[in-house]
Amino acid sequence: MDIITTNNLELWYGSFQALKGIDMKIPEHQITAFIGPSGCGKSTFLKTLNRMNDLVPGVKITGEILYHGQDIYAPEVDVTWLRKRVGMVFQKPNPFPMSIYDNIAYGPRLHGTHSKAELNDLVEQSLRGAALWDEVKDRLKKSALGLSGGQQQRMCIARALSVQPDVLLMDEPTSALDPISTMKIEELMSDLKQQYTVVIVTHNMQQAARISDRTAFFLLGEMVEFDETERMFSMPSDKRTEDYITGRFG
Amino acid sequence: MDIITTNNLELWYGSFQALKGIDMKIPEHQITAFIGPSGCGKSTFLKTLNRMNDLVPGVKITGEILYHGQDIYAPEVDVTWLRKRVGMVFQKPNPFPMSIYDNIAYGPRLHGTHSKAELNDLVEQSLRGAALWDEVKDRLKKSALGLSGGQQQRMCIARALSVQPDVLLMDEPTSALDPISTMKIEELMSDLKQQYTVVIVTHNMQQAARISDRTAFFLLGEMVEFDETERMFSMPSDKRTEDYITGRFG
Amino acid sequence: DSGAPAEGSGESSPSGATQLSGKVSTNGSTSMEKVIGALSEAFMQQNGSVDVTYDPTGSGSGITAAKEGTADIGLSSRALKDEETADLEGTTVALDGIAIIVNKANGVKDLSLEQISKIATGEISNWKDVGGADAPIVMIGREAGSGTRDGFESITGTSEKCVYAQELTATGAVIAAVESNENAIGYASLSSVKDSVNMVTVDGVTPSEATVLDGTYKVQRPFVMVTKKGETLRPEVQAFIDFALDPANAEIIAGAGAVSVAK
Amino acid sequence: MNTIFFLCGMTAILSVVVITLYMVLSGLPAIREIGLADFLFGKVWKSTAKDPQFGILPFILTSLYGTGGAILLGVPVGLLTAVFLSKVAPRRVANVVRPAVELLAGIPSVVYGLIGMIVLVPAVAKTFRLANGTSLFAAILVLAIMILPSIISVSETALNAVPPEYEEASLALGATKIETIFKVSIPAARSGIAAGVVLGVGRAIGEAMAVMMVAGNVANMPELFKSVTFLTTAVSKEMSYASGLQRQALFSIALVLFLFIMVINVILGCILKKKGGDK
Amino acid sequence: MANYERDETGKIVIPPLSKGRRAYDLLIKGFLYLAALITCALLVGLIGYIFYRGLPNITWELVSTAPSALKDTIGILPNLLNTLYIILISLLIVLPLGIGAAVYLTEYATNRRLVWLIEFTTETLTGIPSIIYGLVGMLFFVQFCNLQTSILAGALTLVVMILPTIVRTTQESLKTVPESYREGALGLGATKWYMIRTIILPSSIDGIVTGCILAVGRIVGESAALLFTAGIGSIIAKNIFAAMSRSGGTLSVMLYVYAFERGEFGVAFAIAAILMILVLCINFAAKLVNRKLKNKF
Ligand SMILES: Nc1ncnc2c1ncn2[C@@H]1O[C@H](COP(=O)(O)OP(=O)(O)OP(=O)(O)O)[C@@H](O)[C@H]1O
Ligand SMILES: Nc1ncnc2c1ncn2[C@@H]1O[C@H](COP(=O)(O)OP(=O)(O)OP(=O)(O)O)[C@@H](O)[C@H]1O
Ligand SMILES: [Mg+2]
Ligand SMILES: [Mg+2]
Ligand SMILES: O=P([O-])([O-])[O-]
């Protein structure tokens with residue numbers, strides 16, 4: 001089953017075309033990785049999937065993005081609902097300047113959960129889901145800014161989980177982290193795919209090879225190739241992909 | 001003849017010792033290169049030679065630096081005189097925001113030359129000395145900021161020459177430049193040593209090997225080895241020097 | 001009409017035809033501003049090289065300035081107190097009526113001194129009690145220390161008992177406040193009152209130059225030039241005081257709205 | 001040259017020392033004579049009476065209430081305007097409103113006083129059916145308008161400095177823009193906003209001329225619709241005429257005002273330093 | 001895992017934003033627009049009213065004559081001049097002082113505590129209200145230095161008041177001068193002062209100009225500090241030196257005097273309109289300089 005489908009997606013920042021005719025089907029309960037050289041449009045494409053690009057002034061989008069068959073750019077779509085279902089984790093860990101508890105409870109409160117008990121439950125669940133519960137359960141009321149970088153990133157994942165999304169979009173979630181934290185998060189992602197669909201942008205081809213089920217290679221706003229990760233890295237069908245993964249450019 | 005001699009020079013930034021017991025004799029009319037890994041104290045040592053380190057708050061210096069036999073840290077020494085004699089060129093070209101002419105004339109004016117004819121002469125001489133005259137002679141009144149990076153750096157060398165120094169200190173003068181500009185400046189240095197004593201800091205061992213007569217290798221604030229360049233690169237006497245020039249660290 | 005005073009001053013000037021020069025500094029009461037302004041303007045027209053300056057700092061500061069010698073002439077819009085006359089000399093140069101003013105829309109034309117004092121103390125608080133419309137009375141006065149307030153309160157016997165709705169720091173402000181409030185009553189230097197407000201008659205007497213001078217209009221106070229006792233004044237300073245006292249210049253003072261005492 | 005520049009640098013210190021010295025030296029004698037408690041907590045100010053009374057509680061309370069009222073009105077409007085400018089307004093609209101705010105800051109205080117006196121005071125009297133419109137309320141309105149620009153500009157700066165990552169995170173959790181602003185941006189900018197408020201407090205407590213023209217200047221205990229005297233106007237209204245103990249007492253009021261301001265400055269300094277420390 | 005409501009084609013059905021949240025959104029948005037509207041309305045109202053009342057009262061006679069008590073006329077020429085004099089004198093004094101202090105702070109000072117102290121006191125001066133400046137100016141300049149109520153005393157008082165503005169803007173722009181300029185000059189054997197004179201100050205001229213403009217704005221609008229120090233004199237002095245030693249009211253002070261003390265509202269509004277025009281010009285000039293500043297770097 002494909003959870004997200006894009007048809008001939010094009011995107012302009014003003015007069016600059018950042019995405020060119022992208023057709024992609026993102027399968028449910030798998031990890032899909034986007035790779036490509038800097039500036040090729042990976043982040044841009046990721047952000048169109050939960051409409052975070054709406055915030056950029058001067059953006060123009062044509063084509064379709066279907067989420068469970070529903071066009072997410074249709075006028076009747078409530079973007080807050082969409083973003084609740086399609087969560088996002090950013091490159092740099094970005095905890096709110098509040099307590100760990102309040103960080104995690106932020107989303108649920110927003111969407112109407114106010115009962116103390118329910119919130120406690122959700123916070124614990126989410127933190128467990130992000131493999132952080134044991135490390136922080138005694139300091140939930142402390143500021144989240146006091147966590148280490150890796151912990152902060154896992155907390156951000158927990159925060160994204162707290163609103164019970166379907167899909168998790170992650171834009172280079174480990175590029176600001178040390179190797180050990182990176183490893184923990186990679187492990188976490190493999191766990192997550194049991195319940196969630198994960199889409200990850202990475203500049204690290206080894207990472208894509210290690211953790212993803214399918215990989216898409218972007219170049220200059222085009223999706224050059226999209227295939228099972230193993231096949232892509234062993235026998236890419238496009239010359240440019242091959243050049244890229246063998247390190248000939250980028 | 002040695003133009004500069006240091007005896008047991010030590011330097012502290014606050015409580016951090018950046019230079020440890022340096023004894024060095026810098027010969028006249030030669031190019032002396034300082035090499036060593038980042039943070040080893042090359043720039044610091046260079047700057048003590050014309051007392052540019054005086055500007056850093058909390059600096060403490062012991063030992064002696066003799067310039068033509070005179071201790072430059074002696075109380076009666078006029079530091080502006082010293083800096084006129086021992087000129088300096090910096091890593092990043094730093095033209096003043098004025099015309100090329102005024103940039104070059106800045107030093108002479110400073111030291112009391114105001115006659116128009118003399119200034120014109122000096123400007124031409126200095127620019128010729130820095131192999132820049134032909135390129136800029138028609139735009140002397142234009143802003144120096146309009147020059148290319150390599151031209152700017154040669155202009156800075158011309159500016160240093162304009163006050164007729166003995167010694168030119170250069171701190172990585174080509175590290176911000178493209179290969180062609182670098183080559184021009186290396187050629188220029190070889191010309192300059194006819195008239196001046198040149199001391200150059202470089203992070204580029206090939207450069208040191210190409211242009212210098214003697215090379216000093218610094219490590220963690222110590223001068224590990226100081227020898228003729230050819231000998232140093234062919235048969236270093238210290239194990240650490242060998243490790244460094246063969247690329248085993250740094 | 002500057003021709004007339006010019007002649008007069010020539011006669012009264014102690015130094016006769018000799019050219020006066022220098023600076024005369026005056027300092028003090030703000031309500032004397034108009035009178036001093038007019039006098040000094042005329043005086044300087046005649047004596048081109050004398051510079052008369054005026055610092056509107058208030059009567060208290062003016063008296064202090066005279067005492068400390070920081071000004072040649074202190075200006076006070078009240079008579080000197082006993083303890084002040086010990087080392088200061090007060091020369092009354094003019095009298096000033098204190099007009100009782102009401103809004104143009106107010107029908108009340110006359111008040112007795114007693115009614116005024118009752119209004120000031122708040123005993124009478126509605127216009128209907130003094131023959132006006134049924135409306136609250138808004139009493140507007142000056143700040144503590146003002147010569148005008150001092151004069152008004154001592155004559156109406158209301159010292160320390162007045163209940164004000166507003167205390168404003170200048171004559172003009174009082175007039176403006178009365179002008180813009182139908183229920184207001186206030187007091188202001190006669191010299192400054194224009195026809196933007198109504199003056200009530202006090203015990204039937206209309207405030208005017210004549211009634212102030214002959215004393216039938218009771219609410220009045222002096223304008224005083226204060227100098228140090230027993231000190232010979234510089235000729236230009238003496239000349240300025242004489243100029244103010246010269247009957248030939250009474251018109252200048254009258255033009256500024258006050259009543260000259262020169263006879 | 002060093003010495004000359006050093007001396008220039010010392011002028012600021014010197015000025016503060018001289019100001020403090022003069023304030024304290026000229027303010028203390030009257031307090032000593034009247035008695036600190038009687039001075040600060042006395043409810044009656046009759047400075048020229050035969051048996052004068054110098055209680056400045058009415059002035060202190062008026063200044064506090066007046067400032068409080070101005071903050072109460074000015075902060076919501078100011079903060080919301082800042083939010084509007086920083087987060088909501090289309091750029092073209094913001095480019096019109098922002099200079100307008102700057103202009104508001106540039107209007108001299110006497111001009112505010114003038115309009116307050118001519119327009120506001122009669123309007124207050126009419127609206128609330130008062131015999132007399134000069135009042136604490138009129139002063140509060142004028143002060144609220146006068147502190148608006150500083151609150152807006154300081155808050156806007158603070159809001160603009162909120163890292164966009166915070167807002168992105170919130171939006172990505174399905175918050176609306178408004179929810180994001182009020183639940184994340186404003187809390188994150190709170191120390192800057194607090195600085196704006198404290199700055200406004202300083203402005204409001206120190207304003208003299210505009211207040212003088214609309215407050216009525218009677219030494220009443222503060223009531224919303226009565227003429228009142230602020231600390232600043234208490235000083236300026238009687239200063240010209242005062243002598244002796246009355247004059248000294250005025251300097252004592254100024255000393256109290258000065259201490260208020262110094263406390264506010266210190267608070268402001270602390271807030272700003274803490275904010276700097278966060279970064 | 002959520003179960004979606006799906007329509008007949010298999011598309012999921014997306015529920016709209018909950019009523020409560022939508023209402024909250026709308027309400028707050030309403031408040032935001034309201035607040036901005038209030039701010040703008042205030043401004044438009046204020047300025048419109050000032051011009052409406054003031055412009056008709058600006059006559060040639062008003063701006064070209066001195067007031068005469070004899071003729072009972074009002075003119076504000078002396079006050080225009082006084083304003084100019086006070087601006088000139090204060091700037092003349094405050095510029096060297098303020099720039100000097102800023103240069104000391106950024107180029108010379110090595111003692112961290114002293115720097116902190118100077119910056120702290122400078123900040124403190126910003127917070128002191130003008131009425132206090134007025135009082136201390138009266139006590140110190142007028143009485144202690146025996147300058148009398150005079151333009152000089154007023155200007156000196158203002159010097160202290162606007163010192164922080166000059167120091168801060170100069171300091172800001174000194175900090176933007178690249179360190180490499182300093183190294184370049186010193187490396188040629190320049191003394192510090194020569195370097196500052198020839199490189200540092202010329203490079204930060206824009207910031208200094210901005211400071212001046214801000215200071216002029218402050219001086220033009222100031223009243224409380226000047227009332228007790230420069231007074232309300234309205235006589236045209238023979239020259240600026242004669243003017244310095246006598247009382248002189250600036251436009252703002254005279255606006256207060258004409259409105260509040262004399263009830264001459266026509267004149268007051270005329271002055272208010274003139275002041276507003278000045279403020280507009282000052283804001284415009286500051287923008288211009290700022291834009292130039294941005295282009296430069
Ligand atoms: N807000 C924007 N406005 C204009 N152009 C933009 C904007 N954001 C991105 N771009 C441009 O769009 C192109 C794609 O950007 P994008 O951030 O998607 O690249 P990326 O593949 O994520 O690169 P990286 O690996 O560096 O993150 C780039 O050329 C970029 O300069
Ligand atoms: N102003 C200073 N204050 C304190 N420590 C300093 C200062 N300047 C340099 N240091 C320290 O002194 C040591 C030597 O610095 P220096 O700049 O001389 O190194 P370098 O050999 O020139 O390195 P690079 O190749 O990176 O320029 C470094 O550890 C540096 O951190
Ligand atoms: Mg990216
Ligand atoms: Mg270096
Ligand atoms: O201004 P007065 O002193 O006359 O009230």
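Each chain gets a letter, A, B and so on, in the order its sequence line appears, and its residues count up from 1.
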Given the options E:Glu222, E:Arg21, E:Lys287, E:Arg218, which has more heavy-atom pairs under 4.5 Å with chain D than any of the others? E:Arg21

Heavy-atom pairs under 4.5 Å with chain E: which of D:Phe84, D:Phe182, D:Tyr112 has the most? D:Phe84

Tell me, side chain or backbone of E:Ile118 under 4.5 Å from chain D's heavy atoms, or both, or neither? both

Between E:Tyr108 and D:Phe6 (judged by ring centroids, cut-off 6.0 Å), do the two rings come close enough to count as a pair? no

Quick check for you: among D:Thr11, D:Ile19, D:Ile181, which has the greatest number of heavy-atom pairs under 4.5 Å with chain E? D:Ile19

Has D:Lys177 got its NZ or CZ under 6.0 Å from the middle of the six-membered ring of E:Tyr24, at an angle within 45 degrees of the ring axis? no

Side chain to side chain contact (heavy atoms under 4.5 Å, CB included) between D:Val83 and E:Ile28, worked out: CA-CA 11 Å; D:Val83 168; E:Ile28 300 272; over 6 Å; no

If you draw a 6.0 Å radius around CZ in D:Arg247, do more than 12 non-hydrogen atoms from other residues or ligands fall strictly inside? yes

Using non-hydrogen atoms only, which part of E:Leu227 is less than 4.5 Å away from chain D: side chain, backbone, both, or neither? side chain

May I ask you to name which of D:Leu268, D:Val119, D:Leu103 has the most heavy-atom pairs under 4.5 Å with chain E? D:Leu103

When you compare the side chain of D:Ser15 with that of E:Thr121, does any pair of heavy atoms fall below 4.5 Å? no

Between D:Pro108 and E:Ser252, which heavy-atom pair has the shortest distance, and what is it? CB-OG, 4.0 Å

Closest heavy-atom contact between E:Phe260 and D:Met212? CZ-O, 3.6 Å

Can you tell which of D:Gly202, D:Ser236, D:Pro99, D:Ala254 has the highest number of heavy-atom pairs within less than 4.5 Å of chain E? D:Ser236

Does any backbone or side-chain atom of E:Pro164 lie under 4.5 Å from a heavy atom of chain D? Answer side chain, backbone, both or neither. neither

Given a strict heavy-atom distance threshold of 4.5 Å, which part of E:Phe140 is in contact with chain D: side chain, backbone, both, or neither? both

If I measure from the heavy atoms of chain D, does E:Leu43 come under 4.5 Å with its side chain, its backbone, both, or neither? both

Counting heavy-atom pairs under 4.5 angstrom with chain D, the leader among E:Leu46, E:Leu114, E:Leu280, E:Ile271 is E:Leu46

What are the two closest heavy atoms between E:Thr122 and D:Ala12, and how far apart are they? OG1-CB, 3.6 Å

E:Lys29 atom NZ, neighbour heavy-atom count above 12 within 6.0 Å: no

To the nearest 0.5 Å, atom CG of D:Leu148 lies from atom CD1 of E:Ile38 at 9.0 Å

From the list D:Ile4, D:Leu80, D:Val18, the residue making the most non-hydrogen contacts under 4.5 Å with chain E is D:Leu80

Rounded to the nearest 0.5 Å, the OG atom of E:Ser130 sits from the CD atom of D:Glu207 at a distance of 6.5 Å

Using heavy-atom distances under 4.5 Å, tell me whether E:Ile47 contacts chain D through its side chain, its backbone, both, or neither. side chain

Ranking D:Ile118, D:Ile145, D:Val88 by heavy-atom pairs under 4.5 Å to chain E gives rank one to D:Ile118

Measuring only between side-chain heavy atoms, which start at C-beta, is D:Leu257 closer than 4.5 Å to E:Ile131? yes

Taking all non-hydrogen atoms of both residues, which atom of E:Gly127 and which atom of D:Ile261 are closest, and how far apart? O-CG2, 3.4 Å

Would you kindly say whether D:Thr176 and E:Asp25 are connected by a side-chain donor-acceptor distance under 3.5 Å? yes

Measure E:Ile128 against the heavy atoms of chain D and call it side chain, backbone, both or neither at under 4.5 Å. both

Within a reach of under 6.0 Å around OH of E:Tyr49, are more than 12 heavy atoms found that belong to other residues, nucleotides or ligands? yes

Out of curiosity, E:Ile132 CD1 to D:Met23 CE, how far, rounded to the nearest 0.5 Å? 5.0 Å

With a 4.5 angstrom heavy-atom cut-off, could you sort out which part of E:Phe269 is near chain D: side chain, backbone, both or neither? both

Considering all heavy atoms, the nearest E:Ala101-D:Cys8 contact: N-CB, 3.3 Å

Can you tell me which residue among D:Val110, D:Val111, D:Leu114 is in a side chain to side chain contact (heavy atoms under 4.5 Å, CB included) with E:Tyr256? D:Val110

Which one of E:Met138, E:Lys192, E:Glu123 has the most heavy-atom pairs closer than 4.5 Å to chain D? E:Met138

When E:Ser223, E:Ala259, E:Ala268 are compared by non-hydrogen pairs under 4.5 Å with chain D, the top option: E:Ser223

At a heavy-atom separation under 4.5 Å, does E:Leu17 approach chain D through its side chain, its backbone, both, or neither? side chain

Assess whether side chain to side chain contact (heavy atoms under 4.5 Å, CB included) is satisfied between E:Leu139 and D:Phe251, documenting all intermediate values. CA-CA 10 Å; E:Leu139 290 173; D:Phe251 283 115; 3.5 Å; yes

Given a strict heavy-atom distance threshold of 4.5 Å, which part of E:Leu97 is in contact with chain D: side chain, backbone, both, or neither? both

